[in-house]
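The model shown is predicted, which means the values in this text are computed figures rather than measured ones. Whatever order the structure lists them in is the order used to number ligands and atoms, beginning at 1.
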Amino acid sequence: MQINTLSTTAYTDQKPGTSGLRKKVTVFQQNNYLENFVQSIFNSLDGFQGQSLVLGGDGRYFNREAIQIIIKIAAANGFSELIIGQGGLLSTPAASHIIRKYKAFGGIILSASHNPGGPDDDFGIKYNVNNGGPAPEKFTDALFENTNSITEYKIAEISDLDLDNIGQQQIDDLIVTIIDPVADYAELMASIFDFELLKNSISAGFITLCFDAMHAITGPYATRILEDILGAPKGTVINGIPLEDFGGGHPDPNMAHAKELTDLMFAEDCPTFGAASDGDGDRNMIMGANVFVTPSDSLAIMAANAHLIPAYAKGISGVARSMPTSQAVDRVATKMGLPCFETPTGWKYFGNLLDTGEITLCGEESFGSGSDHVREKDGLWAVLFWLNLIAKRRQPVEQIVQEHWQTFGRDIYCRHDYEAVDLEIANGIVEHLRNQLPGLAGQSFGDYTVKYADEFSYTDPIDNSVSNNQGIRIGFEDGSRIIYRLSGTGTVGATLRIYLEKFEADTNKHDQDAQHALSFLINLAEQFCEVKKRTGRTEPTVIT
Ligand code: G1P
Ligand code: ZN
């Protein structure tokens with residue numbers, strides 16, 4: 001194999017964010033932009049010669065071109081095997097599983113998750129390590145340094161590979177294995193959940209369901225598992241064909257973007273269960289007939305009911321949530337005597353806790369939940385978890401949620417996002433908030449007295465690494481919180497996220513609309529951060 005070493009010029013904007021490098025496709029299409037980043041990944045790794053690398057993406061625009069380039073650079077750098085999903089496709093959780101199952105050295109996942117795709121929209125790339133999870137911060141920091149100093153990259157002079165036929169191809173010393181992207185993952189799901197029970201519940205009509213794949217990667221996974229294996233009727237999976245631009249939609253499973261599903265679930269004669277997943281298949285939205293389950297509640301309910309699922313029947317070791325996720329799961333942990341960890345936003349912070357068995361389940365308010373079965377959040381896993389729960393408890397979603405609140409109380413929760421805010425204004429907002437922090441503790445606003453006001457720092461309990469500046473927190477005496485963060489996944493300007501929560505123990509007050517119940521805190525949040533005043537906006541871009 002002819003290997004060429006080509007000179008290149010560094011780009012200074014290749015800093016990975018919350019989950020890898022995300023930029024507009026047009027940015028990735030710049031001369032050597034992708035090549036630089038991929039070579040920098042390999043420059044930041046040791047000992048991969050002769051090892052295997054998993055490669056796949058969510059199928060968005062530029063996926064195929066990117067895979068062909070990565071194959072050539074990986075071959076030139078000395079990997080001996082590349083394991084690639086057919087058509088260049090792998091959902092993020094499936095990629096994580098495949099890295100683990102085939103003991104690969106690591107994997108490169110191409111996705112910008114829930115961001116829109118297409119020639120003028122977003123693309124992304126991230127590196128996962130051999131536990132199947134996103135590379136830790138010390139790796140992404142080293143990677144960023146390498147992107148700043150790169151002067152050359154290696155590339156093999158081979159022709160484009162056939163990605164569409166399952167099987168092995170040998171190119172000199174390199175083996176390229178094209179795998180069915182779904183089979184291993186479906187097998188894993190069957191080993192976790194009670195598929196017989198699910199089949200029976202579906203065929204008996206006890207569970208009727210709709211799954212919105214949002215024209216993204218979970219289409220083939222959901223069709224195979226829900227329709228082909230579990231016997232749900234054809235048409236259960238809607239928007240099931242992955243499209244390079246997700247059909248022009250925004251593949252983010254929330255009620256704002258999964259509109260078709262949401263309308264269906266709030267209509268008369270709706271199915272008993274509805275769910276959606278995002279661009280790369282790691283997020284989930286759970287709905288019942290006329291009801292939406294917040295991701296924070298979903299995590300708490302999963303933790304409280306995990307013993308009903310075959311894989312977790314012996315009990316779970318502990319739970320974790322990202323800092324802005326509601327404290328609902330903490331209440332479950334306290335009652336069950338389980339350790340509960342609070343980590344910064346981003347799945348990579350769960351990796352050590354999962355690897356060492358400290359936790360079994362974890363989740364984020366941003367429609368992500370997962371367990372120790374892989375090292376990414378997992379959309380279809382969450383869907384199957386809920387289906388298994390409904391079948392086992394023989395109760396509809398609404399009743400499961402109501403009973404949970406009766407037992408643990410309700411953490412009323414919402415998130416307001418202000419997207420594409422001018423960077424200078426956003427930084428001004430953060431500065432303005434920071435300046436107020438030292439004087440806030442002890443001050444009262446209506447019924448709320450500030451208990452603490454600070455910036456969240458995290459010390460990983462396993463490797464003691466410290467992550468600073470992980471969000472501004474204003475916590476009140478009654479446990480209510482207002483949290484502010486700037487997104488690390490956006491590609492236009494800055495996105496300010498405001499997270500609001502309040503605990504309600506009184507069962508008679510559980511059926512409140514969250515926006516209404518949180519209105520005082522919502523106004524207070526504006527008073528502190530002045531996002532409306534400073535941007536001239538009148539409302540958030542998205543409320544979830
Ligand atoms: C967002 C979510 C975060 C999640 C990440 C990747 O990151 O808030 O919880 O881990 O996407 O899916 P953010 O844009 O807030 O940095
Ligand atoms: Zn995602």
Side-chain angles (χ1 to χ4, degrees), residues 15-22 56-60 90-96 109-117 122-126 128 133-134 137 140 213-214 216-218 221 242 246 250-254 257-258 276-285 294-296 299 320-326 342-351 362-370 374-382 413-421 426 430 456 467 469-472 483-499 541-542 544:
K15 188 171 175 53
T18 312
S19 183
L21 182 70
R22 291 192 193 164
D58 63 10
R60 67 179 60 225
L90 280 179
S91 78
T92 293
S96 181
I109 302 177
L110 304 173
S111 167
S113 187
H114 50 287
N115 296 11
D122 295 355
F123 190 75
I125 172 167
K126 70 172 180 171
N128 280 29
E137 219 171 64
T140 50
M214 305 189 84
I217 191 73
T218 49
Y221 291 85
F246 308 113
H250 197 131
D252 201 0
N254 56 45
H257 295 307
S277 189
D278 72 330
D280 61 330
D282 57 359
R283 294 187 173 201
N284 73 86
M285 173 166 72
T294 70
S296 295
L299 174 65
R321 61 165 171 83
S322 66
M323 184 273 283
T325 302
S326 98
E342 183 180 47
T343 58
T345 295
W347 209 259
K348 57 178 176 275
Y349 296 104
F350 294 131
C362 47
E364 298 192 275
E365 53 64 43
S366 52
F367 297 80
S369 41
V374 288
R375 292 295 179 274
E376 290 278 5
K377 55 185 177 264
D378 189 343
L380 265 170
W381 168 89
Y413 188 84
C414 78
R415 180 176 112 183
H416 287 194
D417 290 341
Y418 290 83
E419 293 176 358
V421 174
V430 172
F456 182 55
S467 305
N469 302 329
Q470 297 296 326
I472 291 176
I483 289 153
Y484 304 88
R485 272 185 70 249
L486 290 184
S487 156
T489 58
T491 55
V492 185
T495 293
L496 175 70
R497 304 200 195 286
I498 307 177
Y499 311 79
T541 323
V542 186
T544 49

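A salt bridge is absent between Arg497 and Glu365; no separation between the charged side-chain nitrogens and carboxylate oxygens falls under 4.0 Å.
The salt bridge (charged side-chain N to carboxylate O under 4.0 Å, His left out) search around Arg375 returns Asp355, not counting sequence neighbours. In this structure Lys377 satisfies the salt bridge (charged side-chain N to carboxylate O under 4.0 Å, His left out) test together with Asp282, Glu364, sequence neighbours excluded. Remark: His250 engages His257 in a ring-ring contact (aromatic ring centres under 6.0 Å, His included) (not counting sequence neighbours).
Side-chain contact between Leu496 and Leu486: present, with at least one pair of heavy atoms (C-beta onward) separated by less than 4.5 Å. Between Tyr499 and Arg485 there is a side-chain heavy-atom pair separated by less than 4.5 Å.
In terms of polar-atom proximity, Ser113 is not counted as a contact of ligand 1, lacking any N or O under 3.5 Å from an N or O of the ligand.
Protein heavy atom nearest atom 7 (O) of ligand 1, with residue, atom name and distance: Thr489 CG2, 3.5 Å.
With waters neither drawn nor counted, the protein N/O/S atoms under 2.8 Å from the Zn ion (ligand 2) amount to 4.
Of the possible donor and acceptor atoms, one in the side chain of Tyr221 sits under 3.5 Å from a partner among the backbone N and O of Ser91. With hydrogens and angles ignored, the 3.5 Å screen pairs a side-chain donor or acceptor of Ser277 with a backbone N or O of Arg283. In this structure, the side chain of Arg60 engages the main chain of Ser113 through a donor-acceptor pair within 3.5 Å.
Closest heavy-atom approach to atom 6 (C) of ligand 1 among the candidates His114, Lys377, Glu364: Lys377. Of the candidates Arg485, Lys126, Arg283, it is Arg283 that places a heavy atom closest to atom 1 (C) of ligand 1.
Taking a cut-off of under 4.0 Å to the non-hydrogen atoms of Arg497, the atoms of ligand 1 that pass are 8 (O), 13 (P), 14 (O), 15 (O). Per-residue contacts place Thr345 under 4.0 angstrom from the following atoms of ligand 1 (heavy atoms of the residue considered): 3 (C), 8 (O), 9 (O). Interface of Ser366 with ligand 1, defined as ligand atoms under 4.0 Å from a residue heavy atom, comprises 2 (C), 3 (C), 4 (C), 8 (O), 9 (O). Residue contact check: Gly346 has heavy atoms under 4.0 Å from atoms 10 (O) of ligand 1. Distances below 4.0 Å separate heavy atoms of Gly488 from the following atoms of ligand 1: 13 (P), 14 (O), 16 (O).
Rounding to the nearest 0.5 angstrom, the gap separating the CG atom in Asn284 from the CH2 atom in Trp381 is 8.5 Å. With values rounded to the nearest 0.5 angstrom, Leu21 atom CG is found 10.0 Å from Phe123 atom CZ.
Heavy atoms of Gly368 come nearer than 4.0 angstrom to ligand 1 in no pair at all.
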